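Protein chains get the first letters and strands the later ones, always in sequence-line order, with residue 1 at the start of each. As a basis for the values below, the full set of heavy atoms in this structure was taken, side chains included, without hydrogen atoms, waters or symmetry mates. Just so you know, these numbers come straight off a predicted model, no measurement behind them.
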Amino acid sequence: MTVPSLPTQYVPADVETKLYERWVAAGYFEADPARNPDSPAYTIVIPPPNVTGSLHMGHALDHSIQDTLVRRRRMQGHEALWLPGMDHAGIATQNVVERELAREGLSRHDLGREAFLERVWQWKGESGGRILGQMKRLGDSVDWSRERFTMDAGLSHAVGTIFKRLYDDGLIYRAERIINWCPRCLTALSDIEVEHADRDGELVSIRYSDEIVVATTRAETMLGDTGIAVHPDDPRYAHLVGTEVELPLTGRRIPVVADEHVDPEFGTGAVKVTPAHDPNDFEIGRRHTLESITIMDERAVITVHGPFQGLDRLEARPAVVAALREEGRIVREIRPYVHSVGHCSRCRTVVEPRVSLQWYVKVAPLAKAAGDAVRDGSVTIEPPELAARYFAWVDNMHDWCISRQLWWGHRIPVWYGPDGEQASFGPDEQVPAGWTQDSDVLDTWFSSGLWPFSTLGWPEETADLKRFYPTSVLVTGYDILFFWVARMMMFGLYAMDGVPPFKTIALHGMVRDEHGKKMSKSFGNVVDPLDWIERFGADATRFTLLRGANPGGDVPVAEDWAQGSRNFCNKLWNATRFAMMNGAHVNGDLPAAHSTVDAWILSRLRTVIGEVDRHLEAYDFAKACETLYHFAWDEVCDWYLELSKVPLAEGGAAADATRRVLGEVLDTVLRLLHPMIPFVTEELWTALTGGQTLVRAAWPAVEDSWTDDEAETVITSLRGLVTEVRRFRSDQGLKPGQRVAAALEFGTSPLARHEESIRSLLRLTAPDEGFSATASLPVEGVVVRLDTAGTIDVAAERARLAKDLTLARKEVAQTSGKLGNADFVAKAPEAVIAKNQARLDAAHADIARLETQLAALPSG
RNA sequence: GGGCGCAUAGCUCAGUUGGUUAGAGCGCUGCCCUUACAAGGCAGAUGCCGGGGGUUCGAGUCCCUCUGCGCCCACCA
């Protein structure tokens, strides 16, 4: 890129793909366990997106954060590995392929297990993993040579290995229990795969006998009732406990039992008990050895009692109510009732509790370790407030149902012998002839729970595993803290002898729309990151997300924000363009005796480097972005570049020094921004410095020698003066470009050395022969006399000065009152008192100045 | 039912251990194509910091309370 070829606008499409391909080809993102043995490793494993997924804003946020962390560490010389991959996503993927089959009029059963699985693999090869290509558009600096998939041979081996180990340790067992069942997906679900939502329903009161009335929202389940429960201490029913009543419609006789679970305050204090179709009732039934009658099949179609047989549960509900009404069993009216209903998190179908035989992980010991690792500080959660949620979960975890009645997934490595034997075999073990494998597969989260080490080669002691485990930080949304994070903690600690899978868990929020609303298809407020990448560039998309990523907070995004980020990239582009047009460079040492302006910007730069470091270490991406945004735009572009025009025009040594410092400042700013916005910074940096790549360039160090308080004071004062005079010009209707003759009286002010810059910034010309000051502005210790070549708006200026005067007087009154307060003086810290004293002095000075100015205004 | 959090400018959000003049982005008003950038420059306006009470010399910040939201957990027939 040569100077003349730099267009005036940054066009992301011209550089992004080109640069990404170059980075990958050069192997910049590839980690090597043998390289840099003395520098620390820095590892992040990507939360594996579903193979069915495509990039949405949530990924874009998650990845922008991880890329920022990894790219910075890489620049700091760490051996950085960001490992990519995908999850096979059991139910989700199987559903996709089944839908595809349905269009051909087929079901998976038509194909059979083996052919179906072949079909899924085929789908994966052709249509799956679209998201990987989209990650490249975002600029993710992942190590593609280490891409993994949860169904890879290696990862499947890890699944088999750990299953067998858990099985042998007695931490996996099979049991018949009541579980959440999705009648559409036809599989068991774990507790967290069920989402509860309030739904309008009806509470139906049914008279089971003259003395017992029960209420239910699921009337059809009464067909499976095998008991009635009352509280043991409830006097209303004490005499009935142990007796039997006839169950309406069925003619069956069912016992009345006493159970602590029943709340005597609720309803009539009597509960119908359906052990086969309600978790509470299941427990009650177990305690009182009640019969369990399953009344529905796996599709939730009624299988018992003639008249209702073949009806779907939702059809059976009103049918049962109608039949009961006919028998005169319905008490009074049916009440509308809002209650919480569980839905399958995959397909939204209402979940049906169902008794079945499933595999479980006994979580108590594993969850204990997972909690302790955070409690004892070996793993930290960012932001710390979210640790409470983590504890609430791991400390109260139920055993985890891991079997799914699906075909796509890791088949449970348990075999059954011809004589009813049961055994688990590891992946390298020989299964005896004639034994058949369990037909269920494992919950998708089982294999993703191994992700931080299965991807590195576990159980083999690979070089990668040694070098890159434990990982440094896990970055993910707080929404899958339970689904995924807790599981990785449990498995990591278990498999890796107590070494947790990551040192830090950095949680971020959800991406929301510009009004803070959740993005959803039905609401129509979903923003596609790829659309933004097309229109504003990957950098602008990333910057927008990072800028909104306050620790732990949700991230609202809107097109305006993205435009602002795009504009920022363009600003950097033009600042660099200006610098290059003026010969800025990075060669050689910084000039020893640089100007006050140069000293000021370097001093500020030093502070900014420190602040950016601090914010990034704290996972405060919003503040890191904000700091750089304002420094680059407000200070470098609006002031430093403008101020540098004077020495650059002057030429000679002054220009030489400025060219070098200008190069240094931009070089450093581009380095600092590179982790967040890699493309535009790379393009500009290589052009400006002639360097190879920013990807592996050094991260800026804080240069204490750059600190120069005096220069900062002088330039702050200069800015104050310029702003004040500009304000006057603006108020007086003087056009920005209009030259105005002025005489400057500096007295002893250090700003005297900057007269030329001041005149340049303010478009002030030297007083000529006919000079006649029409306004006099004393500001920052300098008196600026302006010849406005006409009358000024005295009334406007007087009003303005009067307003300022009022404010200053109010300030004096307030501050002196405060300082006159004995309590305040006695109790407030010295610094606060000194600050107030300074404010008082300043207010007094303002009053004097404003009075002088008012007096100096021409009358009329 | 339990737990957590939020309420600050038109919108979305910052605001360290209480310190007196509460900030940002976008939006808004006026002027300007000033030779890096109009995706720009300069100047400017805008807040009973949800209501009430308390602690304190001092409260957006701490305590209590009310109101209105949001989220998570839960075996609410």
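Considering A:Phe621, A:Phe568, A:Trp561 in turn, A:Phe568 is the only one that fulfils the ring-ring contact (aromatic ring centres under 6.0 Å, His included) rule with A:Tyr629.
Side-chain contact between A:Val527 and A:Asp513 is absent, with no heavy-atom pair separated by less than 4.5 Å. No side-chain heavy atom of A:Asp278 sits less than 4.5 Å from a side-chain heavy atom of A:Pro353. In this structure the side chain of A:Ile758 reaches within 4.5 angstrom of the side chain of A:Leu762, judged on heavy atoms. Looking only at side-chain heavy atoms (C-beta outward), A:Ile254 and A:Leu290 stay at 4.5 Å or farther from each other.
Checking A:Lys518 against A:Lys803, the closest nucleotide of RNA chain B that is more toward the 5' end is the one next to A:Lys803. Of the two residues near RNA chain B, A:Thr815 and A:Asp278, the one whose nearest nucleotide lies more 5' is A:Thr815.
Set against B:rC31, B:rC37, B:rA77, the side chain of A:Lys571 has B:rC37 as its closest nucleotide. Picking from B:rU20, B:rA36, B:rA43 the nucleotide with the shortest atom distance to the side chain of A:Thr723 gives B:rA43. Side-chain atoms of A:Asn570 lie closest to B:rA39 of the nucleotides B:rA39, B:rA43, B:rC26. Relative to the side chain of A:Arg577, the nucleotides B:rC37, B:rG41, B:rG25 differ in distance, and B:rC37 lies closest. Here the side chain of A:Val271 is nearest to one of B:rA77, B:rA43, B:rA36, namely B:rA77. Distances were taken from every side-chain heavy atom of A:Asn574 (C-beta onward) to each of B:rA36, B:rG41, B:rA77; the shortest belongs to B:rA36. Distance from the side chain of A:Trp393 is smallest for B:rA74 among the nucleotides B:rA43, B:rU20, B:rA74.
Counting any heavy atom pair closer than 4.0 Å across all strands shown, A:Gln738 reaches no nucleic acid atom. Among the protein residues, A:Leu734 comes within range of no part of the nucleic acid, since none of its heavy atoms lies under 4.0 Å from any strand. Heavy atoms of A:Cys569 sit nowhere under 4.0 angstrom from any nucleic acid atom. Among the atoms of the strands shown, base atoms are found under 4.0 Å from some heavy atom of A:Tyr10. Within the nucleic acid shown, A:Ala270 comes within 4.0 Å of at least one base atom, counting heavy atoms only. Counting non-hydrogen atoms under 4.0 angstrom, A:Val273 reaches nothing in the nucleic acid.
Taking atom C1' on both B:rU17 and B:rC73, the two are 33 Å apart, rounded to the nearest angstrom. Separation of the P atoms belonging to B:rU8 and B:rC49 is 11 Å when rounded to the nearest angstrom. Taking the C1' atoms as reference points, B:rG3 lies 35 Å from B:rG10, given to the whole Å. Rounded to the nearest Å, the gap between the C1' atom of B:rG53 and that of B:rU46 is 30 Å. The same atom, C1', is picked in B:rU65 and in B:rC76; the two are 29 Å apart, to the nearest Å. On the C1' atoms, B:rC33 is 44 Å away from B:rU16, given to the nearest whole Å. When the C1' atom is compared between B:rG47 and B:rG40, the two are found 29 Å apart, to the nearest whole Å. Separating the P atom of B:rC42 from that of B:rU34 is a span of 14 Å, rounded to the nearest Å.
In this entry the distance linking CZ of A:Phe728 with C1' of B:rG30 reads 17 Å, nearest Å. B:rU34 atom P lies 15 Å from atom CZ of A:Arg726, rounded to whole Å. Across the protein-nucleic acid pair, A:Leu572 atom CG and B:rA36 atom P stand 17 Å apart, rounded to whole Å. Atom CD in A:Glu724 sits roughly 11 Å away from atom P in B:rA43 (whole-Å rounding). Distance CZ (A:Arg739) to P (B:rC42): 16 Å, rounded to an integer number of Å. Remark: P of B:rG25 and CZ of A:Arg547 are 8 Å apart, rounded to the nearest angstrom.
Annotation for A:Pro551 and A:Tyr619: closest pair CG-O, 4.2 Å, computed over non-hydrogen atoms. Contact between A:Phe824 and A:Lys818 at its shortest, heavy atoms only, is CD2-O, 3.2 Å.
For A:Asn567, no side-chain nitrogen or oxygen approaches OP1 or OP2 of B:rC37 to under 4.0 Å. In this structure, A:Lys645 does not reach the B:rU35 phosphate: none of its side-chain N or O atoms is under 4.0 Å from OP1 or OP2. The phosphate of B:rU34 (OP1 or OP2) has no side-chain N or O of A:Arg763 nearer than 4.0 angstrom. Listed pair A:Gln9 / B:rC37 fails the phosphate criterion, with no side-chain N or O lying under 4.0 Å from OP1 or OP2. Regarding contacts with the backbone of B:rA74, every side-chain N or O of A:Ser340 stays at 4.0 angstrom or more from both OP1 and OP2. Taking only side-chain nitrogens and oxygens, A:Trp573 never comes nearer than 4.0 Å to OP1 or OP2 of B:rG40.
One donor-acceptor pair, N or O on each side, does fall under 3.5 Å between the base of B:rA36 and the side chain of A:Glu642. With hydrogens and angles left out, the side chain of A:Glu626 and the base of B:rA24 share no donor-acceptor pair within 3.5 Å. In terms of polar N and O atoms assigned as donor or acceptor, the side chain of A:Arg566 comes within less than 3.5 Å of the base of B:rA39 in a complementary pairing.
Across all strands shown, nothing is found opposite B:rA14 as a Watson-Crick or G-U wobble partner with both distances under 3.5 Å. When both distances must be under 3.5 Å, the Watson-Crick or G-U wobble mate of B:rG2 is B:rC72. B:rU67 is paired with B:rA7 under the Watson-Crick or G-U wobble criterion, all donor-acceptor distances under 3.5 Å. Searching all strands for a Watson-Crick or G-U wobble partner of B:rG47 with both distances below 3.5 Å returns nothing. Applying the Watson-Crick and G-U wobble criteria (two distances, each under 3.5 Å), B:rC33 pairs with nothing in any strand.
Separation of atoms CG (A:Leu819) and CZ (A:Arg839) is listed at 10.0 Å; rounding is to 0.5 Å. Between the OG1 atom of A:Thr221 and the CG atom of A:Leu223 there is a distance of 8.0 Å, given to the nearest 0.5 Å. If you take OG1 on A:Thr681 and CG on A:Asp539, they are separated by 6.5 Å, rounding to the nearest 0.5 Å. Here the OG1-CG distance, from A:Thr544 to A:Leu61, works out to 11.5 Å after rounding to the nearest 0.5 Å.
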Going 5' to 3' through nucleotides 2-16 of chain B and flagging B where a protein heavy-atom sits under 4.0 Å of the base, S where only the sugar-phosphate is that close, and - otherwise, we get ---------SSSS--
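Applying the 6.0 Å contact sphere to CD of A:Glu617 captures more than 12 heavy atoms from other residues, nucleotides or ligands. Atom CD of A:Glu756 has 12 or fewer neighbouring heavy atoms from other residues, nucleotides or ligands inside a 6.0 Å radius.
In this structure, A:Arg177 forms a cation-pi arrangement with A:Tyr360, its terminal cationic atom sitting closer than 6.0 Å to the ring centre and no more than 45° off the ring axis.
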If you restrict it to nitrogen or oxygen atoms, what contacts under 3.5 Å exist between nucleotides 56-62 of chain B and the protein, and what is each distance?
| residue | atom | partner | partner atom | Å |
| --- | --- | --- | --- | --- |
| B:rC57 | OP1 | A:Lys827 | NZ | 2.2 |
| B:rC57 | O2' | A:Asn821 | ND2 | 3.4 |

